[in-house]
Protein chains: 2
Amino acid sequence: MTGQVRTVDGRVAGRRGQATRQKLLDCLSEMLSSSPYRDVKVIDVARKAGTSPATFYQYFPDVEGAVLEIAEQMATEGAGLTELLEGRSWVGKAGWQTAQELVDGFLEFWKKNDAILRVVDLGAAEGDKRFYKLRMKILNSVNNSLVDTVTELQSKGRVDKDVNPAAVAGSLVAMLAAVASHQKGFQTWGVKQAELKPNLALLVHLGITGRKPTK
Amino acid sequence: MTGQVRTVDGRVAGRRGQATRQKLLDCLSEMLSSSPYRDVKVIDVARKAGTSPATFYQYFPDVEGAVLEIAEQMATEGAGLTELLEGRSWVGKAGWQTAQELVDGFLEFWKKNDAILRVVDLGAAEGDKRFYKLRMKILNSVNNSLVDTVTELQSKGRVDKDVNPAAVAGSLVAMLAAVASHQKGFQTWGVKQAELKPNLALLVHLGITGRKPTK
DNA sequence: CGGTAAGCTGACGGCATGACAGGACAAGTG
DNA sequence: CACTTGTCCTGTCATGCCGTCAGCTTACCG
């Protein structure tokens, strides 16, 4: 499928090699959660993994390269977000539930992977194509579903003609991502998690359907 | 007022000192726009400013400290965003215009300062209090106005009781910020700038008033 | 002019980076 | 069992950035 795992100098990695490689990724992941991206050093990751910097460089060109690897793993995992929308209705009470579940699932996913997602977001914002392709890959599952929904509602005349489905969907997804990564910020702003979710769901519902939900 | 500008070792900075200090800040700012945050080195900034690394450390504890300084300057400047909302109406055609101008001004501001804002966002997401206080300071002007608006509309019964003004306003502001910093991403997604703005304005209007705008 | 404080830098120990060659180890072969 | 092969890891090294200090230069003021 994805081709064999290879070291930087072209050797194919065996069982043991893959294990240390994965261990390095895990330790890097942990490191990213506990200290600022800028301060994550190869030597620390290696130490934490009980190995040497040289070993790290055998598997990854640099920290960035390793982060891309982790993010890639997460991206395939994140394709599961599609389930949140597949075959769901946006009408009546069911619509309100769809919105709620989308928000819930999305925030959950983001919370679980916040450290890597922060870095991906940064890389994307800085204009690094690899990172924002990755970001798209993660968000596309949700985004595409939303685009389809809006387009469909539009063809039925339930959404105004001059709405651009891609723009609306993209903006809503960006909102979810942003709120998710600044959840702590909201708390100091005097907004509790439990209160945040229904309000987000409301905004999503309004944006997609153009109407208030019936609860 | 803000107290005199001081060097790290406590001396007060004179005219010349403040000039080099500012030059270092400018060069850092430029550097941040052209290369990834992680790769910005003190030595490069110093070289670009035609001075030595030692000089840099005379004025700032580290790169982060200097970034905070730049961000602080930008934050006071960003207080001007309040104008976008002060005394504006959210009713009828005027409401639609308010939403449009808010989006416009916000995106403009973000575009102008994207490099520093990226870093502030990262710092805030990583949980650094200094950074997210700063982020709040920047966003508060807009956010507070929006909270007030929603609260007012709510007291008039034009917005549902169970809406949390702070949550809605915060989410919309987060959306604007996120979309602004990923504008390029939208372009590759097939959405043009010009199309993006009205759709954002629509979402803002819907979120604040609960109704579609009358155009 | 001389004193004082501001302003700048060369130089240095310390640490991270990234490359390499060589040693340890597991697995297969005769 | 000795031998071979290929994977896997690390010691070591040159290079370059970090962050600090002592000391030199420059500006200001009486």
Side-chain angles (χ1 to χ4, degrees), chain A residues 2-32 34-70 119 123 128, chain B residues 2-28 30-32 34-70 119 123:
Chain A
T2 29
Q4 295 158 305
V5 178
R6 285 184 175 275
T7 59
V8 168
D9 55 335
R11 274 202 305 278
V12 291
R15 218 180 310 117
R16 188 153 68 111
Q18 294 205 20
T20 45
R21 198 184 119 103
Q22 190 57 49
K23 187 164 195 178
L24 283 167
L25 288 177
D26 291 343
C27 289
L28 171 57
S29 213
E30 216 173 309
M31 214 96 220
L32 284 173
S34 61
S35 45
Y37 179 47
R38 202 168 193 285
D39 298 343
V40 171
K41 306 291 177 193
V42 169
I43 199 171
D44 297 321
V45 177
R47 253 201 289 267
K48 200 179 184 79
T51 178
S52 79
T55 303
F56 182 96
Y57 287 106
Q58 197 153 48
Y59 294 106
F60 312 103
D62 51 23
V63 174
E64 211 184 35
V67 169
L68 276 167
E69 196 67 27
I70 298 176
V119 180
D128 186 312
Chain B
T2 30
Q4 294 158 303
V5 179
R6 286 183 175 277
T7 58
V8 168
D9 55 337
R11 275 201 299 277
V12 291
R15 219 180 309 121
R16 187 153 70 113
Q18 295 205 22
T20 45
R21 199 184 117 102
Q22 191 56 48
K23 188 163 194 177
L24 284 167
L25 288 177
D26 292 343
C27 290
L28 172 56
E30 217 173 308
M31 215 96 218
L32 284 173
S34 62
S35 45
Y37 180 44
R38 201 168 194 284
D39 298 342
V40 171
K41 308 290 178 193
V42 170
I43 199 171
D44 296 322
V45 177
R47 255 201 288 266
K48 199 180 185 77
T51 179
S52 79
T55 303
F56 182 95
Y57 286 106
Q58 199 154 50
Y59 294 106
F60 312 103
D62 51 22
V63 174
E64 212 184 34
V67 170
L68 276 167
E69 197 68 28
I70 299 176
V119 180

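Convention: sequence-line order gives letters A, B, ...; per-chain numbering from 1. Source: prediction; values computed, not measured.
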Electrostatic pair D26(A)-K23(A), nearest N-O below 4.0 angstrom: no

Nucleotide nearest Y57(A) when distance is taken to its side chain, options dT10(D), dT17(C), dC8(C): dT17(C)

Among dT9(C), dC8(D), dC28(D), the one nearest T55(B) by side-chain distance: dT9(C)

Distance, rounded to the nearest Å, where L24(B) contributes CG and dG19(D) contributes P: 15 Å

Side-chain N,O (R15(B)) to OP1/OP2 (dA6(C)) below 4.0 Å: no

Flag side-chain contact, heavy atom, 4.5 Å: T51(B) against T20(B): no

From OH (Y37(B)) to CD (E64(B)), nearest 0.5 Å: 5.0 Å

Salt-bridge contact R21(A)-E69(A) (side-chain N to carboxylate O under 4.0 Å): yes

5' precedence on DNA chain D between A54(B) and V63(B) (nearest-nucleotide basis): V63(B)

Closest-nucleotide 5' rank along DNA chain C - winner of Q58(A) and V12(B): V12(B)

Inter-residue atom distance R11(B).CZ - Y59(B).OH, 0.5 Å rounding: 7.5 Å

Of S52(A) and P53(B), the one whose closest DNA chain D nucleotide lies more 5': S52(A)

Test log, rule side chain to side chain contact (heavy atoms under 4.5 Å, CB included), inputs L68(A) and F60(A): CA-CA 10 Å; L68(A) 276 167; F60(A) 312 103; over 6 Å; no

Distance (rounded to the nearest 0.5 Å) between K48(A) NZ and I43(A) CD1: 14.5 Å

Sugar-phosphate, base or nothing in reach of F56(A), heavy atoms under 4.0 Å: nothing

Nearest-angstrom distance from the residue atom CG of L28(A) to C1' of dA16(C): 16 Å

Value in whole Å for how far the C1' atom of dC9(D) lies from CZ of F60(A): 15 Å

Sugar-phosphate, base or nothing in reach of R16(B), heavy atoms under 4.0 Å: sugar-phosphate

Nucleotide dT10(D), atom P - distance to OH of Y59(A) in whole Å: 10 Å

Within residues 34-44 of chain B, residues whose heavy atoms come under 4.0 Å of DNA chain C: none

Nearest-Å distance for atom pair CD/P, residues E64(A) and dG18(C): 11 Å

Spacing of D9(B) atom CG relative to dA22(D) atom C1', expressed in whole Å: 13 Å

Short side-chain N/O contact to dG7(C) OP1/OP2 from T7(B), under 4.0 Å: no

Atom-to-atom span, CD of Q18(A) to P of dC9(D) - whole angstrom: 11 Å

